[in-house]
Novice: 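This is the structure, below, for whatever I ask next.
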Amino acid sequence: MKQRVSALLRETLGREVVLEKPRDRSFGHFATPIAFSLAKELKKSPMVIAQDLASSFEESDIFSSVESVKGYLNFRLSESFLSEYAAWALQNTTEFAKGDKNGKILLEFVSANPTGPLHIGHARGAVYGDTLLRLGRHLGYDMTAEYYVNDAGNQIDLLGLSIQLHGRENLLDESVEYPESYYRGEYLDALARDAMEKFGFEIFHDESRRRELAMWAKDEVMKIIVKDLGDTNIFFDTFVYESTLYEDWERVMSKMGEGVYEKDAKVWIASESKGDEKDRVVVREDGRPTYLAGDIVYHNQKFERGYDHYINIWGADHHGYIPRVKAAVEFLGYDSKKLEVLLSQMVSLLKDGEPYKMSKRAGNVILMSDIVEEIGSDALRFIFASKKSDTALEFDLAEFKKQDSSNPIFYIQYAHARIKTILSKSSLSEEDILLAPLEGLGENADVLLFDALLLPEVVEDAFNSRQVQKLSDYLKALAALLHKFYYDCRIIGTPNEAKYLKLLMVVALSLKTGLGLLGIEAKEHMSKEDES
RNA sequence: GGGCCCGUAGCCUAGCAGGAUAGGGCGCCGGCCUUCUAAGCCGGAGGUCGCGGGUUCGAAUCCCGCCGGGCCCGCCA
């Protein structure tokens with residue numbers, strides 16, 4: 001819709017024009033302050049320019065009116081244009097708001113260590129990534145969702161040892177002491193039980209088999225992680241295991257050429273010359289690679305697989321890590337501008353205004369699965385999709401358990417369910433409804449129709465800006481318009497029944513499509529649950 | 001000390017490629033069910049857009065400097 005308008009403006013005015021949505025509906029559907037920027041070069045007042053420009057659109061059948069007001073150019077789309085577009089959308093529901101973008105994008109997200117279940121911070125990155133994935137795919141991009149499994153390094157040994165300690169304590173009744181940095185939590189007891197069944201109790205004392213235990217355990221933990229993600233409608237296409245990457249190390253190192261060097265019996269990357277604070281060690285004195293080494297091989301592998309663009313979603317605490325990975329990418333001979341790192345900030349939780357208590361059972365973290373159990377996947381997804389991912393977020397669980405307008409997810413789903421209910425109560429056939437022309441609707445209905453048809457622009461904007469909250473905000477606003485329309489306007493049994501129902505079908509389509517892009521199911525009907 | 005993010009009504013926030021009276025929501029106050037689900041709608045009070053400069057016809061938005069908060073600054077991952 002906006003593209004059509006933009007194209008027409010470009011054609012008529014011979015230049016690219018900024019189009020915005022006017023604050024006040026009475027100004028029309030779209031507006032541009034173009035006359036202000038032209039004022040200087042034409043040496044005329046913005047009012048006069050806007051007047052002149054407005055008159056050059058008189059012929060267009062897309063617009064019903066083009067007016068100049070205080071220097072702004074305000075456009076009002078014609079009913080026939082909106083009506084045609086709406087009819088097309090209802091005939092092609094699965095195509096609505098889809099784009100024709102090209103390009104292969106590799107999106108890496110979550111990538112939490114396979115040493116324990118996901119916590120609430122992981123959940124945010126997971127939801128953010130998955131929402132971008134859905135948006136990008138809807139727009140036509142060929143996107144791959146990838147999880148990088150850090151199954152090498154100290155934390156894996158620590159996982160093995162932690163299970164041994166849990167096994168000794170809980171299953172063998174030995175008294176053990178957990179040093180500060182060991183893994184804790186209920187899942188370890190379960191892993192220890194399974195380990196005893198599989199390997200026998202000797203496994204808890206055999207230091208030489210710790211690695212074997214750990215490699216088994218990380219696969220078990222990954223099963224938990226994959227399940228938690230699946231419960232939130234998040235699915236990955238590929239998993240890349242760090243442990244499989246190192247065989248490629250020699251080749252990758254030589255590929256970096258002068259980007260790496262030896263000093264003090266260690267191998268360093270010359271990242272300082274590429275904007276990092278200092279050079280970094282990639283291989284320690286004892287020959288063990290650092291975490292960065294794995295990431296270098298991994299990113300080399302990513303680029304060798306040949307995508308047009310790469311997006312990584314990292315926890316904000318890793319932001320300092322970006323320059324060194326970008327440096328490595330450049331040493332490898334690739335364009336680091338193709339690698340985009342998005343950050344997902346901290347999450348803190350409240351419950352009824354008090355800080356949410358971390359449970360000992362969970363190992364003093366807030367588990368994603370606990371929160372999903374408490375408020376549901378839909379609410380969790382909506383919360384994380386409602387705020388810029390790179391801003392710290394604090395939210396109160398209680399707010400998302402309420403069943404009224406203070407809970408935005410219920411508010412939106414109620415709007416959708418209301419439409420479905422009213423459609424089912426009408427005696428008109430779908431055919432009758434679809435044949436009705438969307439004309440002469442009146443102001444309220446016109447606003448609703450236009451907003452419902454705005455979804456494509458919102459989707460594209462949300463993806464391009466990587467700000468998924470634009471979609472959730474849009475859905476909230478659209479739901480509000482629907483509720484208002486519903487209240488103001490009697491539908492069934494009026495002469496306008498068919499066209500109003502058609503309008504509502506467009507709104508429902510927009511809500512359902514939008515919710516789907518947020519990974520949330522649009523409910524067909526809602527029944528009030530007992531408050532208990 | 002350096003880097004990144006943030007500072008908008010009692011609380012949570014939108015807007016931040018400069019543009020028309022700073023939008024919402026929660027909470028608070030007051031209305032609306034013989035009408036398709038009141039899980040809704042309408043109205044009201046509440047703002048020095050952290051502070052100070054600068055750029056501009058125009059700054060919440062851009063630049064500089066402060067103040068305040070969070071995160072990070074490992075040969076951990």
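Residue numbers start from 1 in every chain, and the chains themselves are labelled A, B, ... in the order their sequence lines are given, proteins ahead of strands.
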Novice: Have a look at Asn74(A) and say if it touches a base, only the backbone sugar-phosphate, or nothing, with a 4.0 Å heavy-atom cut-off.
Specialist: base
Novice: Among residues at least two apart in sequence or on other chains, which ones pass side chain to side chain contact (heavy atoms under 4.5 Å, CB included) with Lys302(A)?
Specialist: Leu106(A), Glu108(A), Glu146(A), Tyr298(A), His299(A), Arg305(A), Tyr310(A), Asn312(A)
Novice: Need the pair for rG40(B). Rule: Watson-Crick or G-U wobble, both distances under 3.5 Å, any strand; none if unpaired.
Specialist: rC32(B)
Novice: With sugar-phosphate meaning primed atoms plus P, OP1 and OP2, does Lys523(A) contact a base, only sugar-phosphate, or nothing at under 4.0 Å between heavy atoms?
Specialist: nothing
Novice: So which of residues 475-487 of chain A are in contact with RNA chain B, with a heavy-atom cut-off of under 4.0 Å?
Specialist: His483(A), Lys484(A), Tyr486(A), Tyr487(A)
Novice: Using a 6.0 Å cut-off, check whether atom CD of Glu430(A) has over 12 heavy atoms from anything other than its own residue.
Specialist: no
Novice: Side chain of Lys387(A) only, please: which of rA77(B), rU13(B), rU37(B) is the nearest?
Specialist: rU13(B)
Novice: On RNA chain B, compare the nucleotides closest to Cys489(A) and Gly320(A); which residue's is nearer the 5' end?
Specialist: Cys489(A)
Novice: Does a side-chain N or O from Lys278(A) land closer than 4.0 Å to OP1 or OP2 of rG2(B), or not?
Specialist: no
Novice: Just call it for Gln413(A): base, sugar-phosphate, or nothing, with non-hydrogen atoms closer than 4.0 Å on any strand.
Specialist: nothing
Novice: Expressed in angstrom and rounded to an integer, what is the separation of Asp390(A) atom CG from rG69(B) atom P?
Specialist: 21 Å
Novice: Test for a donor-acceptor pair under 3.5 Å between the base of rA77(B) and the side chain of Asp317(A), counting only N and O atoms.
Specialist: no
Novice: Return the set of residues passing side chain to side chain donor-acceptor pair (under 3.5 Å) with Gln467(A) (not counting sequence neighbours), or none when no residue passes.
Specialist: Gln469(A)
Novice: Is Gln345(A) near enough to rC4(B) that one of its side-chain N or O atoms lies under 4.0 angstrom from OP1 or OP2?
Specialist: no
Novice: At under 4.0 Å between heavy atoms, what does Ala415(A) touch on the DNA or RNA strands: base, sugar-phosphate, or nothing?
Specialist: nothing
Novice: So, using side chain to side chain donor-acceptor pair (under 3.5 Å) as the criterion, who are the partners of Ser426(A) when residues are at least two apart?
Specialist: Glu497(A)
Novice: Using atom C1' of each nucleotide, how far apart are rG70(B) and rC57(B) to the nearest Å?
Specialist: 39 Å
Novice: Tell me whether rC62(B) sits syn or anti, counting syn as a glycosidic angle within 90° of 0.
Specialist: anti
Novice: Applying a 3.5 Å limit to both distances, which nucleotide forms a Watson-Crick or G-U wobble pair with rG1(B)?
Specialist: rC73(B)
Novice: Both distances below 3.5 Å, Watson-Crick or wobble geometry, any strand: find the nucleotide opposite rC66(B).
Specialist: rG50(B)
Novice: Hey, are Arg284(A) and Asp286(A) close enough for a salt bridge, meaning a charged N less than 4.0 Å from a carboxylate O?
Specialist: no
Novice: Restricting to salt bridge (Lys or Arg N to Asp or Glu O under 4.0 Å), what partner residues turn up for Asp432(A), sequence neighbours left out?
Specialist: none
Novice: Between rG44(B) and rU48(B), how far apart are the C1' atoms? Round to whole Å, please.
Specialist: 23 Å
Novice: Not counting sequence neighbours, which residues clear side chain to side chain donor-acceptor pair (under 3.5 Å) with Asn113(A)? List them please.
Specialist: none
Novice: Closer than 4.0 Å, any side-chain N/O of Arg280(A) to the OP1 or OP2 of rC73(B)?
Specialist: no
